[in-house]
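Heads up, the thing below is written out as structure tokens.
Atoms considered below: every heavy atom in the structure, side chains included; atoms not considered: hydrogens, waters and symmetry mates. Below, read A as the first sequence line, B as the second, and so on, with proteins coming before strands; counting in each chain starts at 1. Predicted model, so just to flag it, every value in this text is computed and none were measured.
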2 protein chains.
Amino acid sequence: MPTTSHSGEVPARRKRADALRNQQTLLAAAAAVFVTSGVDAPIREIAARAGVGMGTIYRHFPTRADLVVAVYRHQVEACAEAGPTLLAGADSPLAALRQWVDLFVDFLVTKHGLANALQSDSSGFDALHTYFLDRLVPVCAQLLDAAVNAGEIRPGTHAYELMRGIGNLCVGRDSDPRYDPRRLVELLLQGLQRPQPS
Amino acid sequence: MPTTSHSGEVPARRKRADALRNQQTLLAAAAAVFVTSGVDAPIREIAARAGVGMGTIYRHFPTRADLVVAVYRHQVEACAEAGPTLLAGADSPLAALRQWVDLFVDFLVTKHGLANALQSDSSGFDALHTYFLDRLVPVCAQLLDAAVNAGEIRPGTHAYELMRGIGNLCVGRDSDPRYDPRRLVELLLQGLQRPQPS
DNA sequence: ACAGTAAGCGGAACAACGCTCCGCTCTGCC
DNA sequence: GGCAGAGCGGAGCGTTGTTCCGCTTACTGT
């Protein structure tokens, strides 16, 4: 019998070999295209790059967000797991938070248009927003709480809001020398530190 | 001969009455549509609302940015002029800066998709980005300098970067109760106040 | 008043893209 | 070897941006 059988709602027949192959090919193609054309690249372009039809891409990844999530899942996961690690290894919770935010910003900045897509309210990107935030907000909250408990930053800031703010700061035309998201994120963190509005 | 004649490079014939009328109609229609459908509304929708053909809209406003700028010119101008006024009337330069930023945020938040368009790197919005920033950055710089000179905030922050940061914080899906751009902008200003990273 | 001119207008037409749908192919199983 | 159906490809539809050209009409000079 297949690996899953007894009492399962879904029979879960094993996927066909060619389907699995196509899925991998698509992921590789998408990753390559995202680098050159951003995450908004035309579906046709990705399909062509992978040498498959568009039907195939839509079957494996019904929405654009599904594809983006699949491509970046590993990196998001790594970022999420880095949270507790940094907290354990850093000099202070605030230092850990700072390092973790750096990681997140690096991730967003190096993926063309990802930050835009993350905040976009256009259809098809909802799942992206959801996945990223569901995965990373708890991690951020843990770091935030630790820093608050250590008295290093003021309480009252929600992790969700902070994450979205950081993401937003990374949005925009790439490589404008006059705009460096990192400096503004740093400013945001400084604002967190201030105990009272003076 | 027409009104202007001697030595002028351009004859500058007076515009036809119907052209002027159409331009006004278009501005009104665009303003109305922007409220309901955002600044990304289909050109056709605006043309239909104004009761004109698409050729007309493209003749009067070659790029989308031209139309957006024309619609919001008054408000941008008002915001720009409020800078010196606030500086003169407020208790302190920092208070003035804070009030001015509030004005700017209100403006962005109430126009669906404007903040997005401002930062977007897609073609057609370059002029928008340019106009807004050319007009408002000097005003912001003046307020910033005054606050620095008064010793209320640390030096080293560029007005351009701050403006883009604020604009970016206003980007995103509208009216998510968990995300309030104002709180994050406030955090940014708090960060500005901090004299040294402690 | 009126005819000539060109500024201005409308919308058909083309291109790019997202997404769907259905006839065909090929895999896995007996 | 043959069969069922999972999987595939890409034609085709709807939407939007943008251009282009023949027609309309507001001004001008007489």
Round to a whole Å and report the spacing from CZ of R14(B) to P of dT28(D). 6 Å

In residues 56-65 of chain B, which residues come under 4.0 Å of DNA chain D by heavy atom? Y58(B), R64(B)

Side chain to side chain, P93(A) and L143(A), heavy atoms closer than 4.5 Å: no

Rounded to whole Å, the CG-C1' distance (D18(A) to dG28(C)) equals 10 Å

Taking for each residue the nucleotide of DNA chain C with the nearest heavy atom, is it R16(B) or V52(B) whose nucleotide lies nearer the 5' end? R16(B)

Here the distance between atom P of dG18(C) and atom CE of M54(A), to the nearest Å, is 9 Å

Between dT27(C), dG28(C), dC19(C), which nucleotide gets closest to the side-chain atoms of A17(A)? dG28(C)

Here the distance between atom P of dA26(D) and atom CG of L20(B), to the nearest Å, is 14 Å

Going by number, which of residues 21-48 of chain B have a non-hydrogen atom under 4.0 Å from DNA chain C? N22(B), R44(B)

Which value, rounded to the nearest 0.5 Å, describes the distance between Q23(B) atom CD and T56(B) atom OG1? 11.5 Å

Just by distance, with hydrogens left out, do T63(B) and D66(B) show a side-chain donor and acceptor under 3.5 Å apart? yes

All heavy atoms of H129(A) vs all of L118(A), minimum pair found to be CD2-O, 3.0 Å

Charged N to carboxylate O below 4.0 Å: is that the case for D106(A) and R182(A)? yes

Relative to the ring of F107(A), is the ring of F132(A) parallel (under 30°), tilted (30 to 60°) or perpendicular (over 60°)? parallel

Is there a side-chain contact between L187(B) and R154(A) in this structure, where contact means two heavy atoms from C-beta onward sitting under 4.5 Å apart? yes

Rounding to 0.5 Å, atoms CD (Q142(A)) and CH2 (W100(A)) come to a distance of 10.0 Å

